[in-house]
Amino acid sequence: MPVSAVPPSRPAPRLDETAYDRRRLRQWLAGDARADGVSRRRLLTLLAATATATVLPAPHPARAADTPIVKPLPPEWFVRRGTNAETRWEALRGTGHHTPNELFFVRNHTATPVLTADDWRLRLWGSGLRGAPGEDRAVEFGYDDLRALPAVTRTAFVECAGNGRGYYTSQQGETVSGTSWTLGAVGVARWRGVPLAEVLRRAGPASRAVDVQPRGLDAEYVSGGESLGRVRRPLPLAKALHDVLLAYEMNGEPLPYDHGYPVRVLVPSWVGIASVKWVGDIEVSAQPLFSPWNTTFYRLFGSAYPQQGSAPLTRQTIKSAFELASGATFRAGQDQVLHGRSWSGAGAVARVDVSTDGGTSWRPARLHDRPRADTWTRWSIPWKPGAPGTTHLLARATDTAGRTQPDVAVPNTQGYLFDAVMRHPVTVV
Ligand SMILES: Nc1nc2c(c(=O)[nH]1)N[C@H]1C(S)=C(S)[C@@H](COP(=O)(O)O)O[C@H]1N2
Ligand SMILES: [Mo]
């Protein structure tokens, strides 16, 4: 795209949330921001951190009774992890650039709600919409209203901020909290929908609007015995106007139930939590907003970070994966072609280097896609396995922003944004 519906008087878009977050916290202290469901103490600690903030390291179906997910989860495609399902990388072998809907990972805080498009409404409301003071500022759109608006299609990954978290433990010996994903909490789809900018423009944003907060229609999320309310997370208005979609199609089909039917938010290149599924309302606010999903969760905590945590996570990091099962076996002396994919939230992946000898020697992989931002680049490399035994395959991506995967990821307590080269164990027989 990018879509531009920015009122003429608006300052340049701010896509990096760090500086804005600091301002948002100060506004909260001055009584100018709302933070429903976030404790005063939590915000005060975040605020304290901004004083010393430093530059961060670069960094209809019937549902089976036992699953909060509607679609079938055959064990050869998925690893079930609590309320979630992780795609097996070996199942992606032979699929095209886009992850088939049936194979796409599912991350649910609670359970997939089975909604109908006819009853669905999207309500935009809040102090950031134009209207006389005291007037109820709200605008509603039905499913058909959205479908009648100019549509756009874009290819983008959705990737959980915790994708690869398990390797903080298995490769680096760190203790981290959260779902122990390997690398299968990512998928790429062709999303079709309406630019959020278009819907906001029709709703009439006030020039003082700063935050846009979509909220899901799934059940309230309970953590540690306390309800945090429904999944919601503010986006700075500049990002909301830039490249965000209200998506109703995934790979040419209506969104599957598990992926947000009838409509989800799609925020290209950002951590998955920004792409709110089953969106029911969007608060447009003239005051900065906080939710548990941009305070307690989705910031980096740990010894490498400011004592009270980083700015809210935005862009995904850089990763590579082989389309292979962990521990796959190969015949010695037999020619092979290894396949994989690499992606980054900071730009296109334009170079991938592969080692088939545990990291001693490296060769550039052949790329199978024209490198593009917001999606992965598929690649392959020939390999003739030598003597029987176990070894590791490694792949290291470099993106057009100049990021390269490190050998070791800087740890954080919640295990977000793993970016190190993964050591993929294989056996030669
Ligand atoms: N309403 C709602 N939206 C949500 C979530 C959720 O639980 N509820 N999970 C988020 C997280 S953490 C991720 S990683 C992505 C996962 O999208 P997917 O299930 O379509 O793969 O959805 C995001 N949007
Ligand atoms: Mo996520």
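Atoms within a ligand are numbered from 1 in the order they appear, just like the ligands themselves. Treat the numbers as computed from the prediction; the structure is a model and nothing was measured.
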Atoms of ligand 1, numbered as shown, that sit under 4.0 Å from any heavy atom of [X]:
{"X": "Cys160", "value": "14 (S)"}
{"X": "Phe104", "value": "21 (O)"}
{"X": "Tyr298", "value": "12 (S)"}

Looking only at protein heavy atoms, which one is nearest to [atom], and how far off is it?
{"atom": "atom 16 (C) of ligand 1", "answer": "Arg107 CB, 3.7 Å"}
{"atom": "atom 24 (N) of ligand 1", "answer": "Ser275 O, 3.0 Å"}
{"atom": "atom 2 (C) of ligand 1", "answer": "Asp218 OD2, 3.4 Å"}
{"atom": "atom 15 (C) of ligand 1", "answer": "Gly272 O, 3.6 Å"}
{"atom": "atom 21 (O) of ligand 1", "answer": "Phe105 O, 2.7 Å"}

Are [X] and [Y] side-chain neighbours, meaning at least one heavy-atom pair lies under 4.5 Å?
{"X": "Ile69", "Y": "Phe78", "answer": "no"}
{"X": "Trp343", "Y": "Lys319", "answer": "yes"}
{"X": "Leu228", "Y": "His109", "answer": "no"}

**Item:** Any Trp293 heavy atom less than 4.0 Å from ligand 1
**Value:** no
**Prompt:** Can you find a non-hydrogen atom of Arg215 under 4.0 Å from ligand 1?
**Reply:** no
**Message:** Please confirm whether the ring centroid of Phe322 lies under 6.0 Å from the ring centroid of Trp379.
**Reply:** yes
**Request:** Take Gln213 and Ser285 through the side-chain hydrogen bond (donor to acceptor under 3.5 Å, both in side chains) test and state the conclusion after the steps.
**Result:** CA-CA 8 Å; Gln213 178 162 264; Ser285 180; over 6 Å; no
**Request:** Take His97 and Asp369 through the side-chain hydrogen bond (donor to acceptor under 3.5 Å, both in side chains) test and state the conclusion after the steps.
**Result:** CA-CA 8 Å; His97 183 93; Asp369 287 305; 3.1 Å; yes
**Request:** Using a 4.0 Å heavy-atom cut-off, say whether Asn108 meets ligand 1 through its side chain, its backbone, both or neither.
**Result:**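 Asn108 to ligand 1: backbone contact only, side chain stays beyond 4.0 Å.
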**Side chain, backbone, both or neither: Tyr221 near ligand 1, heavy atoms under 4.0 Å** =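 Under 4.0 Å from ligand 1, Tyr221 contributes no heavy atoms.
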**Aromatic ring pairing Tyr143/Trp120, orientation class (parallel under 30°, perpendicular over 60°, tilted between)** = perpendicular
**Complete:** Checking heavy-atom distances from atom 19 (O) of ligand 1 to each of His259, Arg264, Lys277, the winner is Lys277
